[in-house]
Amino acid sequence: MNGADTRRRILVVGNGIAGQTACDSLRAAGFDGSLTIVGDEPRTAYSRPALSKALLVDGGSPELASPMHQATELLGVAAVGLDVESGRVHLDDGTNLPYDGLVIASGSRARRLGGTESAELTLRTLDDAWVLRERLAAQPSVVVVGAGPLGMEIASAAIAARCQVTVVADGRPMLSHLGPHLSEAFTATAVAQGLTIVDGSAARIDSPRGVILRDGSRIEAELIVTAIGDIPNTEWLATSGLADGRLEADSRGRIRPNIVAAGDVAAIPTRQGIRRIPLWSSAIEQAKVAAVALLSGDDAPELDLDPYFWTEQFGLNLKATGHLPVVGEPEFLVGERPEGPSVMRWTHDDGRGVAVAVNHRIAIPRLRRMASTAG
């Protein structure tokens with residue numbers, strides 16, 4: 001079935017990069033009907049990766065390029081329900097929006113540790129970033145719970161603000177994200193710059209200034225920030241019959257012929273099974289495919305995800321193409337130290353390559369080419 005002739009009203013729920021990319025891709029594919037995008041934040045779309053990087057450290061801008069899709073934007077309202085049979089999305093202001101085609105791009109929110117009198121900060125929205133930046137400027141003692149890329153970027157910003165910083169890490173920082181070789185190099189650099197790392201799992205926040213670990217020990221600080229993952233925003237789909245525990249899309253992003261999903265909210269087929277890949281670049285690629293599938297069905301290309309990931313922390317700028325984490329020693333294509341300047345390459349058992357540049361300027365297409373074992 002080709003949906004281009006039947007989809008005259010397309011509704012996009014979610015005003016992040018997945019929703020914006022879906023709108024752009026729909027127009028690029030020739031859709032000239034009614035296009036509406038709903039966002040629960042009362043502001044235009046912005047770059048989330050910038051929140052824990054340039055904006056948090058030196059006030060860099062999170063602005064995105066002006067959209068070209070000319071969609072009607074409904075901002076500051078949230079979707080609270082979906083009636084699949086009637087083709088309507090219910091908003092929290094009482095509005096019911098009809099659609100012929102629906103893009104679910106409602107993203108995710110920060111997971112919280114919580115506890116008695118919890119006063120934890122998280123970093124997910126632009127408002128979060130402004131609050132955290134203001135708090136760091138007062139140079140409080142800081143505990144960051146979570147040692148993934150986000151937690152380590154927050155810790156790096158706090159160190160740059162001359163705060164005393166402790167990270168609670170359940171294992172070596174970023175081990176599950178990068179692999180042992182890169183994790184060790186980044187951890188050593190962070191410690192050399194004054195970061196204290198406590199190996200343990202956090203259980204709860206005991207007070208506005210205390211974190212209780214699972215072994216019963218307590219860490220105190222004037223500011224507590226948690227970076228312990230995210231939760232997909234699927235609650236508004238509870239009675240729709242679409243999400244049974246998670247929202248699963250096919251290889252073209254389809255949930256139903258007239259409903260697609262993209263971005264952090266969606267679990268998609270990968271070589272490692274059906275799972276979410278909450279990366280900025282993944283959201284973009286998913287949205288491009290899902291938009292075309294909404295119009296063209298089986299004639300649309302399947303998603304062939306080649307992940308791109310980057311992080312900036314403790315003076316290290318890492319760019320990576322391919323599926324992380326990686327194990328073993330790398331082949332050095334540029335330089336000879338993991339702290340850089342360098343370009344390293346690994347090859348997975350199935351022959352797929354991964355290329356990682358650290359403190360080395362390189363165009364992403366070239367880095368992708370270097371991920372190939374053929375060079």
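In this chain, numbering begins with 1 at the start of the sequence shown.
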Discussion item. Walk me through whether R345 and V334 qualify under side-chain contact (heavy atoms from CB on, under 4.5 Å).
Written reply: CA-CA 10 Å; R345 181 167 64 201; V334 175; over 6 Å; no
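- L195 contributes atom CG, which lies 8.5 Å from atom OG1 of T187 (distance to the nearest 0.5 angstrom).
- Scanning for salt bridge (Lys or Arg N to Asp or Glu O under 4.0 Å) contacts around R135 gives an empty result, with sequence neighbours left out.
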Discussion item. Quick one, S282 with Q286, criterion side chain to side chain donor-acceptor pair (under 3.5 Å). Give me CA distance, side-chain angles, the key distance, then yes/no.
Written reply: CA-CA 6 Å; S282 172; Q286 289 180 51; 2.8 Å; yes
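- Hydrophobic clustering (side-chain heavy atoms under 4.5 Å, transitive across Ile, Leu, Val, Met, Phe, Trp, Tyr) groups L51 together with F309.
- Taking the side chain as every heavy atom from C-beta outward, S342 and H360 never approach each other to under 4.5 Å.
- Results of the salt bridge (Lys or Arg N to Asp or Glu O under 4.0 Å) test with D264 over R124, R246, R109 single out R124 as the only residue that passes.
- Partner L136 forms a side-chain contact (heavy atoms from CB on, under 4.5 Å) with one of V142, V131, V165, V57 and no other, that one being V142.
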Item to complete: Starting from the C-alpha separation in whole Å, work towards a yes-or-no answer on salt bridge (charged side-chain N to carboxylate O under 4.0 Å, His left out) for R43 and D127.
Response: CA-CA 11 Å; R43 58 172 53 89; D127 288 340; 3.1 Å; yes
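- A donor-acceptor pair under 3.5 Å is formed between the side chain of D199 and the backbone N or O of G171.
- Side-chain contact between F186 and P338 is absent, with no heavy atoms from C-beta onward closer than 4.5 Å.
- Each of E339, M344, M174 was evaluated against L182; a single residue qualifies, M344, per the side-chain contact (heavy atoms from CB on, under 4.5 Å) test.
- No option in R88, R9, R8 other than R9 meets the salt bridge (Lys or Arg N to Asp or Glu O under 4.0 Å) test with D100.
- At distances below 3.5 Å, not a single donor-acceptor pair connects side-chain atoms of T196 with backbone N or O atoms of T166.
- No side-chain heavy atom of F31 sits less than 4.5 Å from a side-chain heavy atom of S25.
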Item to complete: Kindly determine whether S52 and E153 satisfy side chain to side chain donor-acceptor pair (under 3.5 Å), including the steps that lead there.
Response: CA-CA 6 Å; S52 59; E153 288 174 358; 2.5 Å; yes
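- No donor-acceptor pair under 3.5 Å is formed between the side chain of D250 and the backbone N or O of P269.
- When hydrophobic clusters are built by joining Ile, Leu, Val, Met, Phe, Trp and Tyr residues whose side-chain heavy atoms come closer than 4.5 Å, directly or via intermediates, F332 is grouped together with L324.
- When the side chains of ILVMFWY residues are joined at heavy-atom separations under 4.5 Å, either directly or via intervening members, L75 and V12 end up in two distinct hydrophobic clusters.
- Taking a 6.0 Å sphere around CD of Q164, one finds it holds 12 or fewer heavy atoms contributed by other residues, nucleotides or ligands.
- At a threshold of 4.5 Å between non-hydrogen side-chain atoms, the residues L303 and I268 count as touching.
- Across R276, R111, R112, a single residue satisfies salt bridge (Lys or Arg N to Asp or Glu O under 4.0 Å) together with D230, and that is R276.
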Item to complete: Could you please spell out the steps behind the salt bridge (charged side-chain N to carboxylate O under 4.0 Å, His left out) verdict for D350 and R352?
Response: CA-CA 6 Å; D350 61 3; R352 292 175 294 134; 2.3 Å; yes
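- Taken to the nearest 0.5 Å, the OH atom of Y308 stands 9.0 Å off from the OG1 atom of T321.
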Item to complete: Start with the C-alpha distance between S201 and R214, add both sets of side-chain angles, then the distance that settles side chain to side chain donor-acceptor pair (under 3.5 Å), and finish with yes or no.
Response: CA-CA 6 Å; S201 177; R214 295 200 180 278; 3.3 Å; yes
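- The closest side-chain donor-acceptor pair between E41 and T125, if any, does not fall under 3.5 angstrom.
- A donor-acceptor pair is defined here as one N or O able to donate and one able to accept, closer than 3.5 Å; such a pair exists between the side chain of T21 and the backbone of I17.
- Proximity of P341 to V358: side-chain heavy atoms (C-beta onward) are nowhere separated by under 4.5 Å.
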Discussion item. Assess the residue pair R133 and D128 against the criterion (salt bridge (charged side-chain N to carboxylate O under 4.0 Å, His left out)); give the C-alpha distance rounded to whole Å, side-chain angles, the decisive distance to 0.1 Å, and a yes or no.
Written reply: CA-CA 9 Å; R133 184 179 168 196; D128 293 338; over 6 Å; no
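- When the shell of 6.0 Å around CG of D244 is examined, it contains 12 or fewer heavy atoms from other residues, nucleotides or ligands.
- When atom types are taken as modelled, the side chain of D83 and the backbone of G87 share no donor-acceptor pair closer than 3.5 angstrom.
- Inter-residue side-chain proximity for I224 and I205 is flagged as met; some heavy-atom pair is nearer than 4.5 Å.
- Other residues, nucleotides and ligands place more than 12 heavy atoms under 6.0 Å from the CZ atom of R275.
- No chain of hydrophobic side-chain contacts below 4.5 Å, direct or via other Ile, Leu, Val, Met, Phe, Trp or Tyr residues, connects L175 to M152.
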Practice prompt. Start with the C-alpha gap between E73 and T44, add the side-chain angles, then the distance that decides, and say whether side chain to side chain donor-acceptor pair (under 3.5 Å) holds.
Written response: CA-CA 9 Å; E73 293 189 339; T44 57; over 6 Å; no
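- The line from CG of L113 to OG1 of T226 is 6.5 Å long, rounded to the nearest 0.5 Å.
- A 4.5 Å side-chain heavy-atom check between W346 and H181 finds at least one atom pair inside the cut-off.
- Here the side chain of N317 pairs no donor or acceptor atom with the backbone of E312 at under 3.5 angstrom.
- A 4.5 Å side-chain heavy-atom check between P140 and C163 finds at least one atom pair inside the cut-off.
- Taken from CD1 in I10 to NE2 in H69, the straight-line distance is 12.5 Å, to the nearest 0.5 Å.
- Taking CG of L295 as the reference point, atom CG of N258 lies at 12.0 Å (rounded to 0.5 Å).
- Other residues sharing the hydrophobic cluster of Y99, ordered by chain and number and joined by side-chain separations under 4.5 Å: L11, V13, V38, L74, V77, L82, V84, V89, L91, L97, L102, I104, W236, L237, L242, L247, I255, I259, V265.
- Within 6.0 Å of CD in Q193 there are more than 12 heavy atoms belonging to other residues, nucleotides or ligands.
- Put simply, the side chain of D92 gets close to the backbone of A78: a donor and an acceptor are under 3.5 Å apart.
- Under a hydrophobic-cluster definition in which Ile, Leu, Val, Met, Phe, Trp and Tyr are linked whenever side-chain heavy atoms come within less than 4.5 Å, directly or via other members, I154 and V191 are assigned to the same cluster.
- Within the model, atoms CD of E331 and CE of M370 stand 9.0 Å from one another, a figure rounded to the nearest 0.5 Å.
- T189 places a side-chain N or O within 3.5 Å of a backbone atom of A185 that can act as its donor or acceptor partner.
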